[in-house]
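One structure is given below, encoded as structure tokens.
Whatever order the structure lists them in is the order used to number ligands and atoms, beginning at 1. The first residue of the sequence shown is numbered 1, and numbering continues consecutively from there. Note that the structure is predicted; figures quoted are calculated from it, not measured. Note that these values count all heavy atoms, side chains included, but never hydrogens, waters or copies made by symmetry.
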Amino acid sequence: MDVAAVARCAGRCYVSPAFGESRNLRPSLSDSRSLEPAGLKFRGKSQRRLSFFRRIMATDESISARRGETQQINGNVVWHACPITKSDRQELIKQKGCVIWITGLSGSGKSSLACALSRALYNRGKLSYILDGDNVRHGLNSDLSFKAEDRAENIRRVGEVARLFADAGIICIASLISPYRKERAACRALLPQGDFIEVFMDVPLHVCEARDPKGLYKRARAGEIKGFTGIDDPYEPPLDCEIVIQNNRDENSSSSLSEMAEIVVTYLDQNGYLKPS
Ligand SMILES: Nc1ncnc2c1ncn2[C@@H]1O[C@H](COP(=O)(O)OS(=O)(=O)O)[C@@H](OP(=O)(O)O)[C@H]1O
Ligand SMILES: Nc1ncnc2c1ncn2[C@@H]1O[C@H](COP(=O)(O)OP(=O)(O)O)[C@@H](O)[C@H]1O
């Protein structure tokens, strides 16, 4: 789909102009980083070994972007770099790792879009993996509730896992309510600039509530579920996300799902994620 086609969908979906051009924005890395500010001094042979170590570390883009020069050592734990880098992995699978972060109310269509997007990418021979809030809460995050601190921890963990997938070269699709701006911003900050693509499912509460596929809104209205997002718990819509999708069709139209997926695929294509760096 071309830009004009994206514009034709503008009633429901649009790409934020503020972010539409964000390609190749990874910070340039220099070999000048040093462990010395962290208190380590290397001289002679050790200095040469350190140069090699630095060279390896400098190729690990996502980690470098995330951790400052002085943060390669965390207490007694030293970052262990591997000479096979993100770039190597991306070259191998002919795509660029990134995170598509889909946020919105329960029933807004996050999981549906995630699946449609994964299918659309698969059809183009691109590898993606979905981290869905519902599913992750069955395993990794099964210890977390829906109180604010636990939602924050849920989002933090998924953000960290998503970063690892992106570092693997995979297009990671995270679909969580993720109601708080601060936590979404923290996940964005884990990735090199441009590699966190936030998609807002902009669907009014009454539409989500009318869908109510799991009957949760009904139970929340009846007071059986406390702290339900949109009912008696907050949702903070993004102010500056890359893509907004107004998914408020009520009919069971699978074509709208594939159209929405195509909007995201177009964004990825135009921003260079569907080919190696
Ligand atoms: N209290 C409360 N508030 C909101 N949602 C609730 C709640 N309790 C259970 N559920 C169901 O939990 C599903 C997963 O939520 P998330 O992990 O995405 O939520 S969060 O990001 O931690 O806020 C979420 O899935 P989706 O409906 O797919 O959004 C809900 O169905
Ligand atoms: N564009 C769409 N076309 C048809 N049905 C949709 C569309 N978007 C969402 N739905 C339906 O709305 C309900 C909620 O979607 P879902 O993806 O489970 O939302 P969420 O993951 O945000 O809770 C599901 O029954 C889904 O089939």
Which one of K214, R211, K226 has a non-hydrogen atom at the shortest distance from atom 25 (O) of ligand 1? K214

Using only atom types and a distance under 3.5 Å, with no angle test, would you say the side chain of R211 pairs donor to acceptor with the backbone of G107? yes

Any donor and acceptor pair, going by atom type alone, linking the side chain of D202 with main-chain N or O of I245 inside 3.5 Å? no

Residue, atom and distance of the protein heavy atom nearest atom 5 (N) of ligand 1 read I177 CD1, 3.4 Å

Against heavy atoms of S106, which atoms of ligand 2 measure under 4.0 Å? 23 (O)

For the 3.5 Å polar cut-off, considering only N or O atoms, please tell me whether G109 and ligand 2 meet it. yes

Main-chain N/O of V136 paired to D132 side chain as donor or acceptor, under 3.5 Å: no

Between S178 and W101, is a side chain to side chain contact (heavy atoms under 4.5 Å, CB included) present by the stated rule, with each step listed? CA-CA 9 Å; S178 45; W101 191 279; 2.9 Å; yes

Whether K147 and E153 form a salt bridge (side-chain N of Lys/Arg under 4.0 Å from carboxylate O of Asp/Glu) is what I want to check. no

State the atoms of ligand 2, each with its element, that fall below the 4.0 Å cut-off from a heavy-atom position in S112. 9 (C), 15 (O), 16 (P), 17 (O), 26 (C)

Going by heavy atoms, is T229 under 4.0 Å from ligand 1? yes

With distance as the sole test, does N271 use its side chain to make a donor-acceptor pair with the main-chain N or O of Y267 at under 3.5 Å? yes

Atom 13 (C) of ligand 2: which of A114, C115, P213 has the nearest heavy atom? P213

Should the pair R221-E209 be classified as a salt bridge under the 4.0 Å nitrogen-to-oxygen rule? yes

Does the K110 side chain pair with the main chain of A174, one donor and one acceptor, at a distance under 3.5 Å? no

Examine ligand 2 and decide if any of its atoms is less than 4.0 Å from a heavy atom belonging to L105. yes

Check each of N141, L216, D232, I225 against atom 11 (C) of ligand 1 and report the one with the nearest heavy atom. L216

At what distance is the nearest protein heavy atom to atom 2 (C) of ligand 1, and which residue and atom is it? F228 CD1, 3.4 Å

With respect to atom 17 (O) of ligand 1, which of R137, E153, R219 exhibits the smallest heavy-atom separation? R137

Does ligand 2 have an atom under 4.0 Å from some heavy atom of G104? no

Any donor-acceptor pair under 3.5 Å linking the side chain of D232 with the backbone of F228? yes

Do L105 and ligand 1 have an N or O pair less than 3.5 Å apart? no

Contact (N/O only, under 3.5 Å) between M260 and ligand 2: no

Output the list of atoms in ligand 1 that are nearer than 4.0 Å to some heavy atom of P179, sorted by atom number. 21 (O), 23 (O)

Looking only at protein heavy atoms, which one is nearest to atom 13 (C) of ligand 1, and how far off is it? D134 OD1, 3.0 Å

Pair T229-R151, side-chain donor/acceptor within less than 3.5 Å: yes

Within a distance under 4.0 Å of any heavy atom of G227, pick out the atoms of ligand 1 and give their elements. 1 (N), 2 (C), 3 (N)

Just go through E259, K214, R211 and tell me whose heavy atom is the nearest to atom 11 (C) of ligand 2. R211

Any idea which atoms of ligand 1 are less than 4.0 Å away from a heavy-atom of S106? 26 (P), 27 (O), 29 (O), 31 (O)

In terms of its nearest heavy atom to atom 10 (N) of ligand 1, the top option of Y217, Y235, F146 is F146

Does either side chain, that of Y129 or that of S118, offer a donor lying less than 3.5 Å from an acceptor on the other one? no

Quick one: do K214 and D134 make a salt bridge, cutoff under 4.0 Å? yes

protein heavy-atom neighbour closest to atom 23 (O) of ligand 1 works out as R151 NH1, 2.8 Å

For atom 21 (O) of ligand 1, which protein heavy atom lies nearest, and how many Å away is it? S178 N, 2.8 Å

For F146, does the six-membered ring have the charged nitrogen or CZ of R137 within the cation-pi criterion, i.e. under 6.0 angstrom from the centroid and within 45° of the normal? yes

I need the nearest protein heavy-atom contact for atom 29 (O) of ligand 1: residue, atom name and distance, please. K110 NZ, 2.8 Å

Do N154 and ligand 1 have an N or O pair less than 3.5 Å apart? yes

Does any N or O in the side chain of R89 come within less than 3.5 Å of the main-chain N or O of I84, such that one atom is a donor and the other an acceptor? yes

Check ion pair D269-K275 (N to O, under 4.0 angstrom): no

Atom indices of ligand 2 within 4.0 angstrom of S256 heavy atoms, with elements: 1 (N), 2 (C), 3 (N)

